[in-house]
Every structure is written in C-alpha cells, then in structure tokens.
Engineer: 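Please see the structure below; I have some questions.
As a basis for the values below, the full set of heavy atoms in this structure was taken, side chains included, without hydrogen atoms, waters or symmetry mates. Proteins get letters first, then strands, A, B, ... in listed order; numbering begins at 1 in each.
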Amino acid sequence: MDIDGLGDRFVDALVEFDMVHTPADLYGLTVESFVRMKALADERDGSTPETVKQGKVATKWAENLVASIEASKKSTLPRFLFALGIMHIGESTAKTLATWLGSLAVVRRTPAPVLRVLPDIGDEVATSIAAFFEQEGNEKVVDALLAAGITFADEGAPSPKLRDRLGLDVLLDAAKVPKLGPKSTALLAKTYASVQELVSAGEHNWIIAGVPSAAAANLWAYISDPTNYRKLVNDYADMAWLLDQLPAASATALPLEGHTYVITGTMETLKRDDATERLESLGAKVAGSVSKKTTAVFAGEAAGSKLDKAKELGVPVHTEADLLALLAEHGAAP
DNA sequence: AATGGCTGATGGCCAAAGAT
DNA sequence: ATCTTTGGCCATCAGCCATT
C-alpha cells in the first residue's frame, strides 16, 4: 500500500513473528506491536541495544510507522490496484484501469473479455486481472482492506467512451471460436441484441444473416457446451451492468489527448511526478521510453540515454521552460 | 528507505503475407 | 473473401543498481 518507512525488512519480520498474515492486518498494528516485533528481531539477531536492556525503549519510529499506516488509508484507485500485486499490472496499467473503469467495484466485476477492449490490455493481462478477482482469497483480502478503512479520493464513473467499444462481438471475439473472425462477430452483434436472442435464432439464421457456415457450426458447437454458455451469459450480464453505469457522453476532449511525452533528467521548478500529473490531467500520456511515436521529450538537467534516443529518432526535444509554457497555455501551470 | 535510471523479457498492436 | 499467422515495433513490467 506504499507506506512510508515500512520496507521489506519490517514486513518480513512481522510475517515471521506471526503478527501479520494478510495486508489488512497491518491496519490493526499498534506502537506496542512494532516494539514487540523489534524486540523479537533483536533477540533473534543477538543485537539488543544496551539502552533497551536498561529498560529504555525507543518508540518514536514506531509512532511514525503507525501514523504512516493511518495516512495510507487515504489512497487512490491506481495506487491501490498497483499495490495488489496482480501479475502484469504495473503503475501504468493500474492507471488505465482506473481511468477507464472509474471505481474498484467496477474493476472487480469486469470480465476478461471486456477488459480486453481497454488500451494496452490484451489476452494475457485481461485474464490475469479477472483471475485475480475471481480467487476467493483475493476477494477476502480486498474486502478486509476496505473494511480496515481504505478509501479512494479519485473514484468516479466509468468512461462513456466504453459505450462504443462494448457489445456482443466483444464476448464472441474473446471466445476464439475457429473460423469466427471479426467480420462475423460484428455482424452477429449487429443482428442480435443479447446472448439469448443469438441462441434462440440458431445456427440456420446466423448463416442467413451472412455468417459462413463453417463459422456458424463452430459457434453452435461452442455455445452447446454448458460451461461456455453459462460464461457467455454471465459475462453479458456483467457487461450490461457496466453499460448501465456509464454517464452520458463526455463534454469535450482534453487538449493533449493522443499525445505521448517523455520526461528525462531533473527539472528545476517541477518535480517529475508533479509534471506527469499535470500533463495527464490535460489528457496526455507520459511514457517511460522514447520511440518514433513520442510527441516530444522534455529534457531537464543531466538527461541521459533518453535524450540521445530522441535525437537519433528525430523526436522534438523541449526544455523545462517549454513544458511550463505548454502547461500554462492550457491552464495547468504550477 | 526512497528515488530515478537502466535493461532484458514479454505482452500488445498493427499491417502484410499466408492459408482455407 | 475472410480468417489466421507472422514479424516488427513499441511500451510496460520487473528486477537491479547508484545515489542521496
């Protein structure tokens, strides 16, 4: 959960001494817990300080830790998703999930085929996320963390842009039925409004609608398997639920939408995180590596290999002053 | 302990070639 | 004609190192 001052050392010790079994247990720790943990660790290492032997126990550090833990209850959705340690979910993908889906409740309930429509999320990553939230143990951990008082400052509605991307074809594409390609799934999604309609129409009508007979036969075989059918129905229900949450289409596009920037070196007036946040608030993406697709690189002091690469690829290189000007132009100046 | 940078491995995306 | 595979490129992830 990104708690200041709580590193691997302490966490390992807390687990070793049976004081913490799940992440949520951290929120039940007190100053006394940490002092006891430290005493046990010192005893094990034979490194009990003289002052402690004399009966003086330092507690300031433990007080700081407890305060840090308390402070970490006020989290953000991207940070929380990242902290869950889901395979293939780093900072960037966590942010994608948060901006597109809006809330933890939605993220938890979004089936893999639907996750696949988000940018930079394909088969592997979508499966990994859905599998994580399907595991009972993980469900419990997440619930326990929420019960411990974790809140998110930035939850909201899912992106209305999802409306265009979702449909029955999304589920059919994910099923990977042989011979059933994007043309056929798009056709079926246009013709039938739900899984029930699709099934009751039947193979014969699919062919009449224009689906190649081999593809139709494969799809019929796929749907005839009760496991597949149930999954299709469940996923469709979850997708419909998600569509229900979508707000009316958004107002205007953000000014820097579609642009990718890279920041390298040290900035004088802006911290890197701050600069990133401001650019993202304008719709830009801030990436970690330079390619031809990069809009521009903002280089501060002591820029290294990224600057070289930008020059090599002919990507525009700008200064910190340019960055400030760009932010000011769109009303996001510091 | 935290921050930032670097890098190898891997997933995602796109377009063109190949297969049915 | 549509589906499937392939290959190239890009971005992220995850682990490591140096610095402070």
Engineer: Does A/Q196 CD have over 12 foreign heavy atoms under 6.0 Å away?
Structural biologist: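 Counting other residues, nucleotides and ligands, CD of A/Q196 exceeds 12 neighbours.
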Engineer: What is the distance, rounded to the nearest whole Å, between atom NZ of A/K95 and atom P of C/dA11?
Structural biologist: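 Rounded to whole Å, this separation is 16 Å.
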Engineer: Give me, pair by pair, the N or O atoms of the protein and of nucleotides 9-16 of chain B that are less than 3.5 Å apart, along with how far apart they are.
Structural biologist:
unit_1: B/dG12; atom_1: OP1; unit_2: A/G122; atom_2: N; d: 2.8
unit_1: B/dG12; atom_1: OP1; unit_2: A/G122; atom_2: O; d: 3.2
unit_1: B/dG12; atom_1: OP1; unit_2: A/D123; atom_2: N; d: 3.4
unit_1: B/dG12; atom_1: OP1; unit_2: A/E124; atom_2: N; d: 3.4
unit_1: B/dG12; atom_1: OP1; unit_2: A/V125; atom_2: N; d: 3.0
unit_1: B/dG12; atom_1: OP2; unit_2: A/E124; atom_2: N; d: 3.4
unit_1: B/dC13; atom_1: OP1; unit_2: A/D120; atom_2: N; d: 2.9

Engineer: Under 4.0 Å between any heavy atoms, over every strand shown, what does A/P182 touch: base, sugar-phosphate, or nothing? Just pick one.
Structural biologist: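 Sugar-phosphate contact only - A/P182 comes under 4.0 Å of backbone atoms but never of a base.
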Engineer: Within less than 4.0 Å of OP1 or OP2 of C/dA11, is there a side-chain N or O belonging to A/S291?
Structural biologist: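 It does, given that an N or O in the side chain of A/S291 lies less than 4.0 Å from OP1 or OP2 of C/dA11.
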Engineer: Looking at C/dT2, C/dT12, C/dT4, which one has an atom nearest to any side-chain atom of A/S184?
Structural biologist: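 Per side-chain heavy atoms of A/S184, the pick is C/dT2.
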Engineer: Nearest-nucleotide wise, let me know which of A/M87 and A/T260 is further upstream toward the 5' end of DNA chain C.
Structural biologist: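 Counting from the 5' end, the first nearest nucleotide belongs to A/T260.
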Engineer: For A/T93, report the nucleic acid contact type (base, sugar-phosphate, nothing); a contact means any heavy atom under 4.0 Å.
Structural biologist: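 The residue A/T93 makes sugar-phosphate contact but no base contact.
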Engineer: Return yes if a side-chain donor-acceptor contact under 3.5 Å exists between A/T276 and A/D273, otherwise no.
Structural biologist: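 Checked: A/T276/A/D273 side chains show no N/O donor-acceptor pair below 3.5 Å.
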Engineer: So among A/N228, A/L232, A/N234, which one has a side chain to side chain contact (heavy atoms under 4.5 Å, CB included) with A/R230?
Structural biologist: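 Output: one option passes, namely A/N234.
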Engineer: Taking atom NZ of A/K271 as the centre, report whether more than 12 heavy atoms of other residues, nucleotides or ligands fall under 6.0 Å from it.
Structural biologist: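 Open: at most 12 neighbouring heavy atoms sit under 6.0 Å from NZ of A/K271.
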Engineer: Between C/dC9, C/dT2, C/dA11, which nucleotide gets closest to the side-chain atoms of A/K292?
Structural biologist: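 Nearest nucleotide to the side chain: C/dC9.
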Engineer: Nearest 0.5 Å, what's the CG-CE distance between A/D244 and A/M239?
Structural biologist: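 Spacing of CG (A/D244) from CE (A/M239) equals 12.0 Å.
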Engineer: Would you list the protein and nucleotides 1-6 of chain B atom pairs, both N or O, that sit under 3.5 Å from each other?
Structural biologist:
unit_1: B/dA2; atom_1: OP1; unit_2: A/G5; atom_2: N; d: 2.9
unit_1: B/dG5; atom_1: OP1; unit_2: A/G265; atom_2: N; d: 3.4
unit_1: B/dG5; atom_1: OP1; unit_2: A/R272; atom_2: NH2; d: 2.3
unit_1: B/dG5; atom_1: OP2; unit_2: A/R272; atom_2: NE; d: 3.4
unit_1: B/dG5; atom_1: OP2; unit_2: A/R272; atom_2: NH1; d: 2.8
unit_1: B/dG5; atom_1: OP2; unit_2: A/R272; atom_2: NH2; d: 2.9
unit_1: B/dC6; atom_1: OP1; unit_2: A/S305; atom_2: N; d: 3.4
unit_1: B/dC6; atom_1: OP2; unit_2: A/S305; atom_2: OG; d: 3.4

Engineer: Nearest of C/dA11, C/dT12, C/dC3 to any side-chain atom of A/S92?
Structural biologist: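 Among C/dA11, C/dT12, C/dC3, the one nearest the side chain of A/S92 is C/dT12.
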Engineer: Got a list of side-chain donor-acceptor pairs under 3.5 Å for residues 84-98 of chain A, not counting sequence neighbours?
Structural biologist:
unit_1: A/K95; atom_1: NZ; unit_2: A/E280; atom_2: OE1; d: 3.4
unit_1: A/K95; atom_1: NZ; unit_2: A/E280; atom_2: OE2; d: 3.2
unit_1: A/T96; atom_1: OG1; unit_2: A/S92; atom_2: O; d: 3.1

Engineer: Closest nucleotide of DNA chain C for A/K179 versus for A/E91: which of these residues is on the 5' side?
Structural biologist: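 Checking each residue's closest nucleotide, the 5'-ward one belongs to A/K179.
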Engineer: Does one side chain, of A/Y192 or A/S200, offer a donor that lies under 3.5 Å from an acceptor on the other?
Structural biologist: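 On atom types as modelled, these side chains do not qualify, holding no pair under 3.5 Å.
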Engineer: Around A/K60, counting heavy atoms of other residues, nucleotides and ligands shown, do more than 12 lie under 6.0 Å from its NZ?
Structural biologist: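 Count not over threshold, so no.
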Engineer: Separation of A/L187 atom CG from C/dT2 atom C1', in whole Å?
Structural biologist: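 Taking atom C1' of C/dT2 as the reference, CG of A/L187 is at 12 Å.
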Engineer: Classify A/S289 by what it touches in the nucleic acid, base, sugar-phosphate, or nothing, heavy-atom distance under 4.0 Å.
Structural biologist: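 Counting heavy atoms under 4.0 Å across all strands, the contact made by A/S289 includes a base.
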Engineer: If I take atom CZ in residue A/F82 and atom P in nucleotide C/dG15, what distance separates them, rounded to the nearest angstrom?
Structural biologist: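 After rounding, the gap between these two atoms is 10 Å.
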Engineer: Using every non-hydrogen atom in the two residues, find where A/V262 and A/A287 come nearest and quote the distance to one decimal.
Structural biologist: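 Heavy atoms of A/V262 and A/A287 come nearest at CG2-O, 3.7 Å.
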